[in-house]
Amino acid sequence: MTAPLPRITSDYAYRRPDPQIDRTVAFRRVALDRDLGRLHAWLTSDHVTPYWSLGAPLPAFHQAISDHLEDDHVTAYVGCIDGVPMSYVERYWAAADPLADHYDADDNDQGIHILIGPPEYLGQGCGTALLRAMTALAFRHAATDRVVAEPDATNDAAIAAFERAGFEPRETFRFPHEDKDATRVVCDRERFVGAFSPGAIAANGPPADGPAVNHDDATHRCPSGEHGDTTPEADR
């Protein structure tokens with residue numbers, strides 16, 4: 001259950017146009033030899049630091065992010081819009097994460113953490129597009145029927161972005177691991193594939209209860225990882 005996913009040989013683990021923002025969303029695995037500087041800049045940005053705990057000076061950050069990337073229950077990506085790196089996204093096995101202490105986690109549940117780095121991408125609908133794409137990637141693992149997240153309960157913009165991507169808010173709980181009150185949000189495979197996946201939106205248009213364009217921002221964070229086979233500021 002906690003084995004890492006098979007390595008993906010192409011540069012992008014996932015890439016496809018998003019019909020609601022009319023731009024291409026893609027993810028590639030983090031590589032510190034080319035991503036360290038941008039990740040440090042993003043994680044020390046004013047709109048990110050309230051939600052993520054990795055904003056240390058560069059030497060300490062390098063060690064912390066290196067240790068984090070070695071965690072087998074997490075897979076970390078750089079998210080790109082039209083080929084431009086602009087976000088950090090994690091997929092993780094929920095049953096191996098502290099979140100599992102707060103709900104009945106299935107061994108194949110996956111979770112998502114996401115932040116948008118450059119502030120010019122905030123408020124453009126990119127957060128929802130990234131969440132939709134990462135959820136679609138998570139559901140490529142055939143045994144995963146549920147994707148979860150735990151944004152800060154006070155982060156209304158992040159929770160709204162999750163809802164636009166097909167997640168439903170459940171209970172609010174105290175999450176000591178992240179020193180926050182969190183709202184658990186859940187996306188079920190059947191509901192997502194039928195109405196919220198990029199393919200469903202391309203074929204049928206946006207869900208009736210969602211806007212045609214998502215003017216959101218999300219920074220949902222919880223440094224941890226992935227499994228299987230990421231807006232406002234910080235959906236964390």
Side-chain angles (χ1 to χ4, degrees), residues 1-8 13-14 27-32 35 39 43 51-54 61 63-79 87-115 130-153 155 158-159 162 165-189 192 218-230 234-236:
M1 192 276 308
T2 57
L5 291 182
R7 299 292 177 178
I8 299 169
Y14 181 94
F27 302 105
R28 62 168 175 78
R29 297 286 291 267
V30 168
L32 285 187
D35 294 323
L39 292 180
L43 281 154
Y51 301 96
W52 289 72
S53 60
L54 289 177
F61 174 81
Q63 185 61 56
I65 195 71
S66 297
D67 293 345
H68 188 59
L69 294 177
E70 291 178 0
D71 187 338
D72 283 345
H73 100 282
V74 176
T75 302
Y77 302 89
V78 170
S87 60
Y88 174 68
V89 187
E90 297 174 339
R91 270 198 303 150
Y92 61 94
W93 292 115
D97 190 81
L99 179 59
D101 294 336
H102 301 276
Y103 85 108
D104 185 17
D106 182 84
D107 281 354
N108 291 294
D109 284 358
Q110 294 187 57
I112 297 175
H113 302 128
I114 175 176
L115 69 84
L130 290 162
L131 288 170
R132 243 188 332 258
M134 184 50 66
T135 302
L137 177 57
F139 281 135
R140 286 186 171 184
H141 181 59
T144 294
D145 290 320
R146 183 167 56 181
V147 179
V148 298
E150 27 68 20
D152 191 301
N155 195 333
I159 293 171
F162 275 105
F167 288 73
E168 297 179 294
R170 301 291 171 84
E171 73 281 356
T172 295
F173 63 96
R174 183 63 190 168
F175 195 21
H177 181 74
E178 296 297 338
D179 190 26
K180 68 180 183 182
D181 291 326
T183 295
R184 187 170 66 94
V185 295
V186 179
C187 184
D188 294 317
R189 176 188 287 273
F192 178 79
T219 307
H220 162 66
R221 120 88 178 141
C222 152
S224 31
E226 159 207 352
H227 213 107
D229 261 277
T230 82
D235 93 36
R236 179 186 149 23

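Basis for what follows: all heavy atoms, side chains included, without hydrogens, waters or symmetry-related copies. Being a predicted model, the structure only gives us computed values, none of them experimental. In what follows, residues are counted from 1 in the order of the sequence shown.
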Is there a side chain to side chain contact (heavy atoms under 4.5 Å, CB included) between His141 and Asn108 once you walk through the steps?
-> CA-CA 9 Å; His141 181 59; Asn108 291 294; 3.3 Å; yes
Give me the atom names and distance for the closest heavy-atom approach of [X] to [Y].
X: Thr172; Y: Ala153; value: CG2-CB, 3.8 Å
X: Ala13; Y: Arg140; value: O-NH1, 3.7 Å
X: Gly79; Y: Leu130; value: CA-CD2, 4.4 Å
X: Ala100; Y: Ala95; value: CB-O, 3.7 Å

Would you please indicate if the ring centroids of Phe192 and Phe139 are separated by under 6.0 Å?
->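 Centroid separation for Phe192 and Phe139: below 6.0 Å.
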Sequence neighbours left out, what passes side chain to side chain donor-acceptor pair (under 3.5 Å) with Asp145? Give chain and number order.
->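 So Asp145 forms a side chain to side chain donor-acceptor pair (under 3.5 Å) with Arg189.
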Set of residues satisfying side chain to side chain donor-acceptor pair (under 3.5 Å) with respect to Asp101, sequence neighbours excluded |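 By the side chain to side chain donor-acceptor pair (under 3.5 Å) rule, Asp101 matches no residue at all.
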State, yes or no, whether a side-chain contact exists between [X] and [Y] at a heavy-atom distance under 4.5 Å.
X: Glu90; Y: Met134; value: no
X: Ser87; Y: Val78; value: no
X: Arg132; Y: Cys187; value: no
X: Val147; Y: Ile112; value: yes
X: Val148; Y: Tyr103; value: yes
X: Phe167; Y: Val186; value: no
X: Pro169; Y: Ile159; value: yes

Asp97 side, atom CG; Asp109 side, atom CG - distance, nearest 0.5 Å =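 The CG atom of Asp97 sits 11.0 Å away from the CG atom of Asp109.
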CG of Leu43 to OH of Tyr88: how many Å apart, nearest 0.5 Å?
->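 One finds 7.5 Å between CG of Leu43 and OH of Tyr88.
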Give the C-alpha distance, both sets of side-chain angles, the deciding distance and a yes or no for salt bridge (charged side-chain N to carboxylate O under 4.0 Å, His left out) between Asp152 and Lys180.
-> CA-CA 6 Å; Asp152 191 301; Lys180 68 180 183 182; 5.9 Å; no
Could you go through the side chain to side chain contact (heavy atoms under 4.5 Å, CB included) check for Leu131 and Phe162 one step at a time?
-> CA-CA 7 Å; Leu131 288 170; Phe162 275 105; 3.5 Å; yes
Should the pair Arg28-Asp35 be classified as a salt bridge under the 4.0 Å nitrogen-to-oxygen rule?
->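 Salt bridge between Arg28 and Asp35, a charged N being under 4.0 Å from a carboxylate O: yes.
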Test Arg146 against Asp106 for side chain to side chain contact (heavy atoms under 4.5 Å, CB included), laying out the working first.
-> CA-CA 8 Å; Arg146 183 167 56 181; Asp106 182 84; 3.9 Å; yes
Verdict with supporting geometry, Leu39 and Val30, side chain to side chain contact (heavy atoms under 4.5 Å, CB included) | CA-CA 9 Å; Leu39 292 180; Val30 168; 3.8 Å; yes
Just one of Glu150, Glu171, Glu168 clears the salt bridge (charged side-chain N to carboxylate O under 4.0 Å, His left out) bar with Arg184, so which one?
->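 Of all the options given, the one that passes is Glu171.
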Do the ring planes of Phe27 and Tyr14 sit parallel (below 30°), tilted (30 to 60°) or perpendicular (above 60°)?
->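 Because their plane-to-plane angle lies in the 30° to 60° range, the rings of Phe27 and Tyr14 count as tilted.
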For Asp67, does the CG atom have more than 12 heavy-atom neighbours from other residues, nucleotides or ligands under 6.0 Å away?
->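 Atom CG in Asp67 is crowded, with more than 12 foreign heavy atoms closer than 6.0 Å.
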